[in-house]
Amino acid sequence: MHSEFLRPLAAIVGEAHVLTDERDTAGHFTDWRKQYYGRAECVVRPANTGEVAEIVKLCGRENVAIVPQGGNTGLSGGATPVGAQREIVLSLSRMNRIRHVDPLDDSLVAEAGCVLANVQQAAEAAGRYFPVSLAAEGSCQIGGILSTNAGGVNVLRYGNTREQVLGLEVVLPDGSVWDGLRSLRKDNTGYDLKQLFIGAEGTLGVITAAVLKMRARPSASTTAWVALETPAAAVELLGRLRDRVGECVSAFELVSRRCLEAVLAHAHDTQDPFAAVHPWYVLVELEDASTFESLQSRLEASLAECIEQGKARDAAIAASHLQAAALWRIRESIPEAQFANVKHDVSVAVSRVPLLIERAEAALAKAFPGVQSYIFGHVGDGNLHYNVGDRGLQARRSDVNRIVYDVVASLDGSISAEHGLGQLKREEIKRHKQALELELMRTLKRALDPNGLMNPGKVL
Ligand SMILES: Cc1cc2nc3c(=O)[nH]c(=O)nc-3n(C[C@H](O)[C@H](O)[C@H](O)COP(=O)(O)OP(=O)(O)OC[C@H]3O[C@@H](n4cnc5c(N)ncnc54)[C@H](O)[C@@H]3O)c2cc1C
């Protein structure tokens with residue numbers, strides 16, 4: 001190790017865990033979509049909380065900024081260094097221990113670098129269930145999903161990642177360690193500090209571990225692919241299903257025909273669930289503690305009634321886990337099947353989803369005649385991934401963004417439903433948040449990180 005900075009860093013984590021060779025660092029200096037490229041002095045890979053604290057203190061003394069990085073699957077450039085000042089990437093990947101599983105408390109303690117799928121498996125091994133689920137679950141990490149407050153496909157029933165957290169351990173920007181690893185379900189002793197760090201995208205501290213809630217494992221689930229005429233029919237179907245089957249609707253995912261076609265062209269192990277062509281689809285999943293047969297017959301009866309009344313065009317209910325997995329494969333292949341277009345992750349109140357699509361489609365068609373949209377997402381949460389055009393439209397990206405975001409704003413929505421702000425929406429958010437909200441955020445940032453060394457150039 002050559003520099004005066006890298007040598008003490010290596011003394012903390014061991015030389016093997018300070019990466020400077022371009023072959024080792026390149027993947028850490030760009031994002032999953034290869035939209036952002038940055039530079040940093042090195043990638044540091046601590047093994048425990050004490051090492052993270054020592055690194056943060058050293059960086060404070062040397063005035064070097066820290067970019068926390070988990071699985072690097074984030075979609076807003078939050079984990080990519082900006083390069084405007086001296087920076088390191090702090091990879092949490094080696095901190096991947098499940099420290100404790102407690103079925104009586106229905107909780108487990110996972111370190112920040114645990115891959116989400118491994119946490120799901122740890123809960124399952126204890127006869128329980130960890131409900132956060134998204135297509136990147138084989139790579140994204142607990143620290144990352146907490147720092148972005150990830151959503152995913154089960155928000156409808158279980159809430160965002162924020163709702164799955166009982167306690168946190170955080171290394172603060174001055175290097176002190178906040179041990180908030182408590183499993184309390186009730187604790188009204190002042191401000192709920194953990195909420196500050198959840199969704200903060202690494203700008204207020206480094207999350208090193210979390211106490212996560214486990215849930216009762218649903219004993220049965222059933223999945224259907226339903227063809228619909230319009231997005232309004234999807235919203236109506238959700239209401240009807242809830243009337244008929246209650247709270248057990250765990251996923252309700254909208255897919256446009258164009259998205260399905262992109263998947264069929266891209267993922268060769270997928271096939272159209274129907275022989276006929278339909279304009280819209282939803283993937284529905286129900287989960288509860290009854291039996292597969294009971295759940296399936298309730299879903300069948302509800303969907304049959306909707307088809308009879310002309311509220312749905314057709315429905316295919318998976319007869320086996322294999323068939324359900326094939327339907328999920330379609331949904332989960334969508335992000336990879338349309339890589340090059342202009343993307344938006346927006347939300348409005350559920351009832352306004354049809355209006356959002358109608359207004360945005362009209363405005364886009366006016367500005368870009370013939371443009372095609374790829375619309376899919378968690379319609380049960382009012383969250384759409386609204387992707388527009390092809391590679392050719394990238395040069396007009398900010399015009400496209402402006403049209404979509406203005407429609408979202410006109411409907412009191414959010415320009416980032418689940419992917420955070422990162423670098424991507426750091427400027428745009430200034431048009432959408434109230435001045436008072438932005439000032440409150442800056443006040444918090446200044447109080448916790450007065451030297452601005454935690455993930456600079458992100459969020460604010
Ligand atoms: C195919 C695909 C599908 C996806 N689907 C969804 C989806 O359905 N819903 C959804 O919400 N997201 C989705 N995402 C986005 C992404 O997976 C999530 O944002 C995820 O939470 C990021 O986790 P990560 O470990 O990869 O974090 P990273 O990308 O490494 O980091 C994300 C942010 O968190 C910060 N960070 C990471 N670890 C820490 C830590 N320990 N302490 C402090 N800050 C930290 C980083 O600095 C950065 O700002 C998807 C991504 C892909 C590639």
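When a ligand or atom number is given, it counts from 1 through the structure's own listing order.
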Taking only residues two or more places apart in sequence, or in another chain, which ones meet H385 in a ring pair (Phe, Tyr, Trp, His ring centres under 6.0 Å)?
F376, H378, H419
With R97 via side-chain hydrogen bond (donor to acceptor under 3.5 Å, both in side chains) - residues at least two apart
E111
Looking at residues at least two apart in the chain, or sitting in another chain, which of them share a side-chain hydrogen bond (donor to acceptor under 3.5 Å, both in side chains) with D187?
T189
Return the protein residues near ligand 1 (heavy atom under 4.0 Å from any of its atoms), ordered by chain and residue number.
W32, P68, Q69, G70, G71, N72, T73, G74, L75, G78, A79, L92, A112, L134, A135, A136, C140, Q141, G143, G144, I145, S147, T148, A150, G151, G152, E201, G202, G205, V206, I207, H378, E418, H419, N455
Looking at L364, V408, D345, which hits side chain to side chain contact (heavy atoms under 4.5 Å, CB included) with Y386?
L364
Single hit among R128, R215, K213 for salt bridge (charged side-chain N to carboxylate O under 4.0 Å, His left out) with D106:
R128
Matching residue for N149 among E201, R162, Q195 - test: side chain to side chain contact (heavy atoms under 4.5 Å, CB included)
R162
